[in-house]
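Sequence lines set the chain letters: A, B, ... in the order given, protein chains first and strands last, and positions in each chain run from 1.
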Amino acid sequence: MIDDVLANPLRHLKDSIIELILNALRNRCITDRLRGYLYLIIQEPPRKEFGDLAIPLPRLLTSCRGMDLRELASLIINSVGGSSLISRAEASGSYLNFFINTRTYGSLVLKAVRELGDRYGVPKADRPKRIVVEFVSANPIHPLHIGSGRNAVIGDFISRLLIASGHEVERRYYVDDVGLQTAYLAYGYLKLGKPEPPSGIKPDHYYGMIYAATVTVIDVLKLRNELQKAKELGDYARIKELNSRVDELMAHLQRLRDKVRKEVDKLIDELSGEEDPEASVKALMKAYEAGRPEASVIREVAEKVLEGIKETLQTLGVNIDRWDWESDLFREGLVRDVLGRAKEASNYVLHKGVPALDFKYLLQDKGLREKLRVPKGLEVPPLILVREDGSTLYTTRDIAYTLKKFKEFRADEVINVIAVEQTLPQTQLRLALHSLGFRREAENTIHYSYEMVRMSGASMSSRRGVYVTVDEVIGRMNELVKEIMQLRGGNDDTLPLKVARSAFRYMMLSTTPSKVLVFDISRALDRKQLSGPYLQYTYARAASVLRKANGVPWDKVSFEYGVEGLRRDLLWLVGAFPEVMSKTLEKLEPDDLIGHLNRLSDTFNRWYDQEPIAKEPNEVLRALKLFITEGVRLSLKVGMGILGMDVLERI
RNA sequence: GGGCCCGUCGCCCAGCCAGGAUAGGGCGCCGGCCUUCUAAGCCGGUUGUCGCGGGUUCAAAUCCCGCCGGGCCCGCCA
C-alpha cells in the first residue's frame, strides 16, 4: 500500500491547511461539518502572486457567529506557524491566501516522483471492483464513423483509467446482428450473389455501401408504389412531394453508384422484380432470430464487416476483451428466460395488444427513481418486449445481455458507453431489471452518456451511406503528419500513425463528453489545430533533455536556493498531478486531465525557452531543474497513457 | 405539446454542480525569435453587452423564474 502522503502531495497540503484552519477556529466557531466544506472551497487563486491556495473567507463567517472578516483572517494567520508546509498566509480582499514553503513541499514532491516513478499520479481505487465496460458496439453494417469513434475513444479512456486504478475491467463489444439492419445488408448481399470486396476496399466500407444501397433502393421502390397510387387518385400535391423525395433518394443512390456501380445497378434490377422486398427482409430477420440455418447469411456478412471494424480499432489502439454476438443470447436461451420471467412480473401487461412492462407504479417511488437514476421529469412509457409478429425488440435483448455481463464476469458494475439519445431505453433497461427482480444489477448498471458528433453542414445517415469514417479521418491525419515530419527531416515510419491516432483521440476527448461535438474535417486536418501532438512533442522534448543529462542526479537535488518563477509553477503543477488524476477517476471525465497536461506543457515550454536545464552550470541548481523536468515528463507520460495517447521518446 | 442538454472574443472550447480577486486557453490576424538542451516551440500585440429580461445576494458567467435560438428524446428502429 502506497503511503497517502507520498501518493498525493497536493492533497496532503490541502489537508494540512484545513487542519490548521480547524485548529485555529475550534474554540470560536462551529467546526463540525467544516472539514468537508473547506475541502470543497479551497482553491487555486487565479494568479500566482496571490498565493498557492486560497479560501474565500465570507463563506466561513456563517460558521463563526459574531466575528468579522479581519478577526477571522488574523485568527488563522496567527496559527500558520503550526505547519511546516506553509510559509505564510495573508488576507487579500475577501480571500485568505496561503503560500507554500517550497523547501518542505518541494521535498515532498521530490520523494513522490523519485519513489513512484511512472506510477506517480496513478490513483488507487478505495475499493477495487469488477467492472464491465461495454463500448463501441457499432452495428456490423458499416465502418466506424466519427460518432462511433468518439464512443471508442471515451470507452477506452474510461477502461484505461479504471484498470490503472486497480479495478478488474472487462471491455466488451456488443455485436448487434439481430434486427432489421443486418437483415437489410444480408438481403442485398444475397441478391448480389455474396460479393467479396474489390481489392483496396476494406470490407466494412464496401458492405456499408451495399447496406445503404439496399435500403435506399427498397425505399425508392416503396415511394414509387405510393406515387403510382397518388397518380391514380390524381392527388397532385402528394405526387409532387413524393417526386421530390424520390429525387433526393436517387441522388444518394447516384453517389453510391459512383463508387460501386455494378452492385447498385444489379440491386435496382433484382429488387425491382421482387414483389415485396421489405417483407423478405423481415422474414429473413425472423428466421435469423429463430436460429434457422437459411438465415446464417446474416452472421456471415456481419463477420466480414466486423473484420473491418476490428482493423480500425486496432489502428486506433483500442482493445476489446470480448465480442458478444446478440444472436448468441437466443442460442443460449437467455432471451427466453427474460421473457419467461417477465410474464411472472407484477407489472407485466399487454400494451396495445403486445407483451410489455409498465413502470407507472414503480416511478411513483421517489427513492427508487433516485436509486435507479431515472432522470428528473422523464416520462417512461411501457417497454414493449415482443412485436406482434413474435420477434423481440432491442431493449428486451439488452436485458438478457446485461444479465449475461454481470454473470459471466461476476461484475459489481456494468458501464454502458452509449450516446445520450438512448437515455430512455437505458432507463427502461434499469427499470425492467428491477421489475424482474434483479435489483442489484439494476442499481449497478451505469449509462455513461455522451453527446453525439455532428458534421458541420450535412447530417450523417448510415441508411444513405452518408458519414465520415474514422479510417478516413485518421488516414488523412496520417498523411498530414507525414508531410510535417518530412519537413522536419524525420524518417521513422512507425511514428506518423502514432501521432495521427493520438491527435484523433485528443480531438475526441478535448470536448467534454456531455457536449455535442461538431466535427469539421477541414478544421480537424488543419496542422495548427492538431493539439494532441503538442503534448507528445513536449514529452519528447523533456525526455530528450533528460537523456542528454543522463537522468536526474537525485542525491544532489536540493531546495536550498528556494524555487521561484516558472520553476515554482512547474513544481506546483507536478505536485498537483496526482490530485488531478484522482478527480479524473472520481468524475470519469477527461477534461481536467487534458487541461492539466496542457498547462503543464505550456509552462514547461516557456521555461525551456528561458533557461538552460541540462546545461545549467551550477550543479545543485542543475539537479533541481532536472528533477522538475522529470516530474513534468512523468506526469505527461502517465496522463497521456490514460488518454490512450502514444508516448513517444522522439518525435 | 412534454422532458433533457447547449448558448462565453471573428471561429473552437474551459470556467457554472459547491456564487466571491482585472472572465481563461487555443485557432485566426499583426510584429518578432533557430551557430546554444527537439522552432509540432517561444515572446509581444489584437479581440468579450458571458443569448435576452427579471429576481435572490454584500457579491451572479455561476443560483431561481420567464423568454429567444440550436440539438436530442418522446416507435411493435437501434
Sort out the partner of [N] for me: Watson-Crick or G-U wobble, both distances under 3.5 Å, none otherwise.
N	result
rC67(B)	rG51(B)
rG1(B)	rC74(B)
rU57(B)	none
rG41(B)	rC33(B)
rC27(B)	rG10(B)
rA18(B)	none

Heavy atoms under 4.0 Å, any strand shown: does [X] hit a base, just sugar-phosphate, or nothing?
X	answer
Leu393(A)	sugar-phosphate
Pro375(A)	nothing
Lys352(A)	base
Ser531(A)	nothing
Arg622(A)	nothing
Gly377(A)	sugar-phosphate
Ala356(A)	nothing
Gln529(A)	sugar-phosphate
Asp520(A)	nothing

Within the structure provided, determine whether [X] and [Y] are in side-chain contact (heavy-atom separation under 4.5 Å).
X	Y	result
Arg397(A)	Phe330(A)	yes
Ile55(A)	Tyr95(A)	no
Trp572(A)	Leu53(A)	yes
Arg59(A)	Tyr37(A)	yes
Met460(A)	Ile146(A)	yes

Inter-nucleotide [atom1] distance ([N], [M]), Å rounded:
N	M	atom1	result
rG19(B)	rU57(B)	P	16 Å
rA18(B)	rC63(B)	C1'	11 Å
rC67(B)	rC11(B)	P	27 Å
rG10(B)	rG48(B)	C1'	12 Å
rA23(B)	rC68(B)	P	31 Å

Can the positive tip of [X] be found less than 6.0 Å from the middle of the six-membered ring of [Y], inside 45° of the ring normal?
X	Y	value
Lys637(A)	Tyr539(A)	no
Arg505(A)	Phe157(A)	no
Arg299(A)	Trp325(A)	yes

Reading RNA chain B from 5' onward, which residue's closest nucleotide shows up sooner: Pro56(A) or Lys583(A)?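 Comparing both residues, the 5'-ward one is Lys583(A).
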
Check whether any side-chain N or O of Thr512(A) sits under 4.0 Å from OP1 or OP2 of rA14(B), and answer yes or no.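 Checking Thr512(A) against rA14(B): at least one side-chain N or O falls below 4.0 Å of OP1 or OP2.
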
Check whether any side-chain N or O of Lys515(A) sits under 4.0 Å from OP1 or OP2 of rA14(B), and answer yes or no.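 Yes, because at least one side-chain N or O of Lys515(A) sits under 4.0 Å from OP1 or OP2 of rA14(B).
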
Rounded to the nearest 0.5 Å, what separation is found between the CG atom of Leu566(A) and the CG atom of Asp602(A)?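 Interatomic distance, Leu566(A) CG to Asp602(A) CG, rounded to 0.5 Å: 11.0 Å.
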
Taking atom types as modelled, is there a side-chain donor on Ser502(A) or Asp646(A) under 3.5 Å from an acceptor on the other?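 Checked: Ser502(A)/Asp646(A) side chains pair up, N/O donor to acceptor below 3.5 Å.
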
Looking just at side-chain N and O atoms, do Asp324(A) and Tyr173(A) make a donor-acceptor pair shorter than 3.5 Å?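 Looking only at side-chain atoms, Tyr173(A) and Asp324(A) do not form any donor-acceptor pair under 3.5 Å.
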
Nearest to the Lys528(A) side chain among rA21(B), rG41(B), rC13(B), which nucleotide is it?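 Looking only at heavy atoms from C-beta outward on Lys528(A), the closest nucleotide is rG41(B).
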
Could you encode protein contacts along nucleotides 58-73 of chain B as a string, one character per nucleotide from 5' to 3', using B for base contact, S for sugar-phosphate-only contact and - for no contact, with a heavy-atom cut-off of under 4.0 Å? -------------SSS

Whether each nucleotide of nucleotides 31-40 of chain B has a protein heavy atom under 4.0 Å at its base (B), only at its sugar-phosphate (S) or at neither (-) is summarised, 5' to 3', as -----SBBSB

